[in-house]
Amino acid sequence: MSSKSLDYENLNENVKKCQYAVRGELYLRASELQKEGKKIIFTNVGNPHALGQKPLTFPREVVALCQAPFLLDDPNVGLVFPADAIARAKHYLSMTSGGLGAYSDSRGLPGIRKKVAEFIERRDGYPSDPELIFLTGGASIGVIQILNTIIRGAHDGILVPVPQYPLYSATISLLGGSLVPYYLEETANWGLDIGNLRQSVTQARSQGTTVRAMVVINPGNPTGQCLSEANLKEVLKFCYENNLVLLGDEVYQQNIYQDERPFISARKVLMNMGPPISKEVQLVSFHTVSKGYWGECGQRGGYFEMTNISPQTVEEIYKVSSISLSPNVSGQIFMGLMVSPPKLGDISYERYVRESKGILESLRRRARIMTDGFNSCRNVVCNFTEGAMYSFPQIRLPPKAIEAAKSAGKVADVFYCLKLLEATGISTVPGSGFGQKEGVFHLRTTILPAEEDMPAIMASFKKFNDEFMEQYEDKGGYSRM
Amino acid sequence: MASTTLTLDTINPKVLECEYAVRGEIVILAQRLQEELKNNPNAHPFDEILYCNIGNPQSLGQQPITFFREVLALCDHPALLDKLKHGAYLERASEILHQIPGRATGAYSHSQGIKGLRDKIAAGIEARDGYPADPNDIFLTDGASPAVHTMMQLLIRSKNDGILCPIPQYPLYSASLLSMEALFLNGIKALNISYSFPMVPYYLNEAAGWGLEIAELKNQLETAKSKGLMTFSNDLNISMLPLKVLAENNQKQIVDFCKDEGLVLLADEVYQENIYVPDKQFQSFKKVARSMGYGEKDISLVSFQSVSKGYYGECGKRGGYMEVTGFSPEIREQIYKLASVNLCSNISGQILASLVMNPPKVGDESYESYLAEKDAILSSLARRAKGRRAMYLFPNIDLPKRAIEAAKAVNTAPDAFYARRLLNATGIVFLALALDRFPEHGISGAQYYPKRTKYQPLFPVSPSSTKDSWMNSVTDGSAIVYHRLLELKF
């Protein structure tokens, strides 16, 4: 074969630089071990259904009818499906130009976008324009499209929290932009400190970077912290002062496990602040059907909503969306259902509420079980999971462990996580995949394993961890006496 | 301080430069006319807009294959397994659900797609080609276009990386602005801009029935190299199935050319099931390459398939895959890495792709009804194509000289001028041939084809009972359309 063919040497550099640890080394090793017959508990990605969470019944009924509309003509359909599911299926099919098999507008079906706007208005108390809402094949696609619109070159910087969900770092790499990190304060429950923000921006600018946008993940991933209204106000003011587009990743807005800081959207806070800020700050908000208590990751349904973006720019973003042609119609319908679920009085309402509450309350319990479990382990400190789906314990690795990792040619937390995997079958993602302060190590796991399996999982972790620490601490350090 | 950070002045300039993959001028006009009709049904000399420009068959009345949808519905809602009367779809759905860990169709899958489904697709490819296919070579994607994007990201490093593209595209592509063809038609220009690579056109020979000539390919390649384009990453080869099935000889030449020049062959094969002519048969590029004795070490080949075309026409489901062969393990890792950033494609689309590549077979309980539906769709398409061409018609309209001059006077290509007039007069939307698409390459289509006075709009055929009579009248003759245009007083 000619040397001109595609080989590693002549590969696009941006691709080489791009990393996505969530399905990286640990996951690949776990998959290998699974093939060899080892039982693996995959906690590397927020994938609730893969760990036994059942789909909500109502949306599945509706979408099944949309897949097979001939069922609607069946004389017995009313015996198998509740009347409201039947009505919904007909309603959604009427929004399409030819059922699930026809392309929709690149921005999504107008009827669904309208439902999303109504949802946002109910949630926030401010009107929302369907024309500024684009449905996408999952929130990630929307993030990629918007970043593609913003990043012109290597001098354009995007403020990203550390630790962050590596979609952002991977995408910024691929697009050839610069990642400007701002560190979250672990000791303050992963709080967002404006001082850190200012410092990051100043430093970036001194290096010639034009800081264009700021990503806020609320609730956080992997950290889970829920931002207070005061915090969001500070962030918005900061964006106003520094001419930044705020990218509000709010995909975990349904996943809240404490009552002190319920979810409040960036848009609501922005509108509350009134003019001039409410009319000036540019905001793009992202949401999905993959998280929350729906957990419908495999459907690939998401949207983004634009605020204070000019009509001409919206046109350009439409153009970018059009390159992806059309989001899958099933996913759009899932989104439509999520933002307009069964209401009080609907036949399916009670079942819907029972299923949803069941999942949310269990997640809340599991967040607590996991946090407490990690905190009971030697050299492990874990902030409470206020929201989202993850636990991000800090692992205080002894110097000897770090040396051993070096000798093995591994980053320290990768070393630890590989050993954890091999000993227990628990597949996590090392903290280095999300970013952390120098010399501070973490791992990310999900709180998604079934509640009844949790005690055994935490016990298994504790056994491994405490033995690991004993092995690598100086003799006489740890004692079980 | 005014905070208008994201404006036309500060937006990624590549976005500004790229063209719409979906909305050309004609479609924008059509949408406006449609709105006007809504507000005033008498606004125009027609009742409705007929979108004949897009390959979106189910929006024009084509029905999906019942068996496929039965299986998909069951996978969405497995509780139905106990509630539906016995049928082959129950077995197939159960089989599929069994291959999905936890029967969880709502979970992210492996980034290449569910293993069991890839096994089925590989088996389907092998049955089709007679050569083995490896499930690990398959990447399931949301339609074929994300797969194309992935390959572009890998291949294009800078402005010095080029892609060979056939010109004109129209005889080769669907009129679909919403299909993968958009990528290779308008959209490749968008990708071109997004990824900033030069597109190197090679011109097809109209006199030889839009045949591809290797001499022309070689010539364009050499010219581009001499202009300082360093490396050609690939040859973009679009299957000509819609209108002309590539002769095997042609395919062999292309394979040899790519092998000799070290080009990656990207083969769009989404129309493999749109052949209505009994004496023609689809041959995949992989089959051709393997039949020439070329294996993984000889040629890098990426083959794209989609659920959007064929007799299934499931555009809105977003299902497809690429089969990647002839790359090093390091490259394979990188492809996987890119696929993993978006985690996975939609599961329903993955299931559909496996059904399309492994449909009911002779002897299966569902085979008879499946075949009946498939045949009805294909023969309907064939009828409209009058057995000569596949999915598209191109009536041959000789444009009067005055029309061409009138077009020139308003700085429009003659066919775009015609298409606009036609839309305003009749409400019919179809794609205008646009040979002038790449003026920056220093040669406009008009110059290359100086004697071009024909208008050959690409007419996608859609079997639809509601549009039957109209479609029939049009297939009978471009004459009708032509005369209407004459009435418009050129």
Side-chain angles (χ1 to χ4, degrees), chain A residues 1-2 4-8 11-12 15 20 23 45 47 49-50 52 55 60-61 63-64 67-68 80 97-104 106 137 140 148-152 170 212 240 243-245 280-282 295-300 309-310 312-313 316 319-320 322-323 325 328-331, chain B residues 2-3 5-8 11-13 15-16 20-22 56 58-59 64 69-70 72-73 76-77 80 83 101-102 104-108 111 142-143 145 153-157 178 187 190 231 262 264 297-298 300 313-318 327-328 330-331 334 337 340-342 346-349:
Chain A
M1 193 150 52
S2 166
K4 281 176 270 181
S5 267
L6 183 62
D7 58 37
Y8 195 77
L11 190 62
N12 180 355
V15 170
Y20 185 70
R23 284 234 164 132
V45 67
N47 200 9
H49 295 198
R60 293 306 189 98
E61 287 172 333
V63 175
Q67 292 275 24
V80 178
S97 68
L100 300 186
Y103 285 125
S104 74
S106 300
S140 298
N148 192 18
T149 310
I150 296 173
I151 296 175
R152 295 166 297 187
R212 302 289 310 281
Y240 177 66
N243 257 344
L244 306 176
V245 180
E280 303 275 354
V281 172
Q282 296 182 310
E296 292 279 11
C297 305
Q299 308 299 343
R300 313 315 273 126
I309 310 269
S310 75
Q312 298 98 319
T313 307
E316 296 300 317
K319 214 164 47 170
V320 174
S322 76
I323 296 172
L325 305 175
N328 87 79
V329 179
S330 288
Chain B
S3 176
T5 298
L6 195 59
T7 64
L8 285 185
I11 211 174
N12 182 355
V15 170
L16 285 175
Y20 276 101
V22 238
N56 196 9
Q58 292 191 29
S59 75
R69 292 302 191 89
E70 283 163 341
L72 289 173
D76 271 340
H77 192 44
L80 288 175
K83 305 232 174 77
T105 53
Y108 291 126
S111 294
D142 288 300
S145 53
Q153 281 175 316
L154 286 162
L155 293 165
I156 310 304
R157 297 164 298 176
L178 292 177
T231 315
V264 173
K297 292 194 181 11
D298 302 302
S300 301
E314 296 274 26
C315 308
K317 297 291 298 168
R318 314 306 282 121
F327 292 91
S328 67
E330 293 82 15
I331 297 298
Q334 297 297 318
K337 186 174 72 177
S340 75
V341 176
N342 194 37
N346 86 83
I347 307 301
S348 194

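By convention in this document, chain letters (A, B, ...) are assigned in the order of the sequence lines, proteins followed by strands, and residues within each chain are numbered from 1.
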Using a 4.5 angstrom heavy-atom cutoff, name the option from [options] with the most pairs to chain A.
options: I347(B), N346(B), L72(B); result: N346(B)
options: S111(B), P64(B), S328(B), G313(B); result: S111(B)
options: S348(B), S340(B), A104(B); result: S340(B)
options: G102(B), G349(B), G106(B); result: G106(B)

Legend entry - Main-chain N/O of Y108(B) paired to N47(A) side chain as donor or acceptor, under 3.5 Å: yes
Hey, which of [options] has the most heavy atom pairs under 4.5 Å with chain B?
options: L100(A), I150(A), V245(A); value: L100(A)
options: G98(A), A64(A), P55(A); value: A64(A)
options: H49(A), R23(A), R152(A); value: R23(A)

Legend entry - Spatial distance of atom OH (Y103(A)) from atom CD (E314(B)) [nearest 0.5 Å]: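 The OH atom of Y103(A) sits 11.5 Å away from the CD atom of E314(B).
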Inset, instruction - Examine whether an atom of L8(B) lies under 4.5 Å from a heavy atom of chain A, and if so say whether it belongs to the side chain, the backbone or both; otherwise answer neither. - result: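 Answer is both: backbone and side chain atoms of L8(B) are under 4.5 Å from chain A.
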With distance as the sole criterion, is a donor-acceptor pair present between the side chains of [X] and [Y] under 3.5 Å?
X: T105(B); Y: R60(A); result: yes
X: K317(B); Y: Q58(B); result: no
X: N342(B); Y: R300(A); result: yes

Inset, instruction - Could you list the residues that satisfy side-chain contact (heavy atoms from CB on, under 4.5 Å) with V341(B), not counting sequence neighbours? - result: C18(A), Y20(A), L167(A), A170(A)
Legend entry - Contact class of I309(A) relative to chain B, heavy atoms under 4.5 angstrom: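 Only the side chain of I309(A) comes within 4.5 Å of chain B.
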Inset, instruction - Flag the pair I151(A) / N12(B) as yes when at least one side-chain heavy-atom distance between them is below 4.5 Å, and no otherwise. - result: no
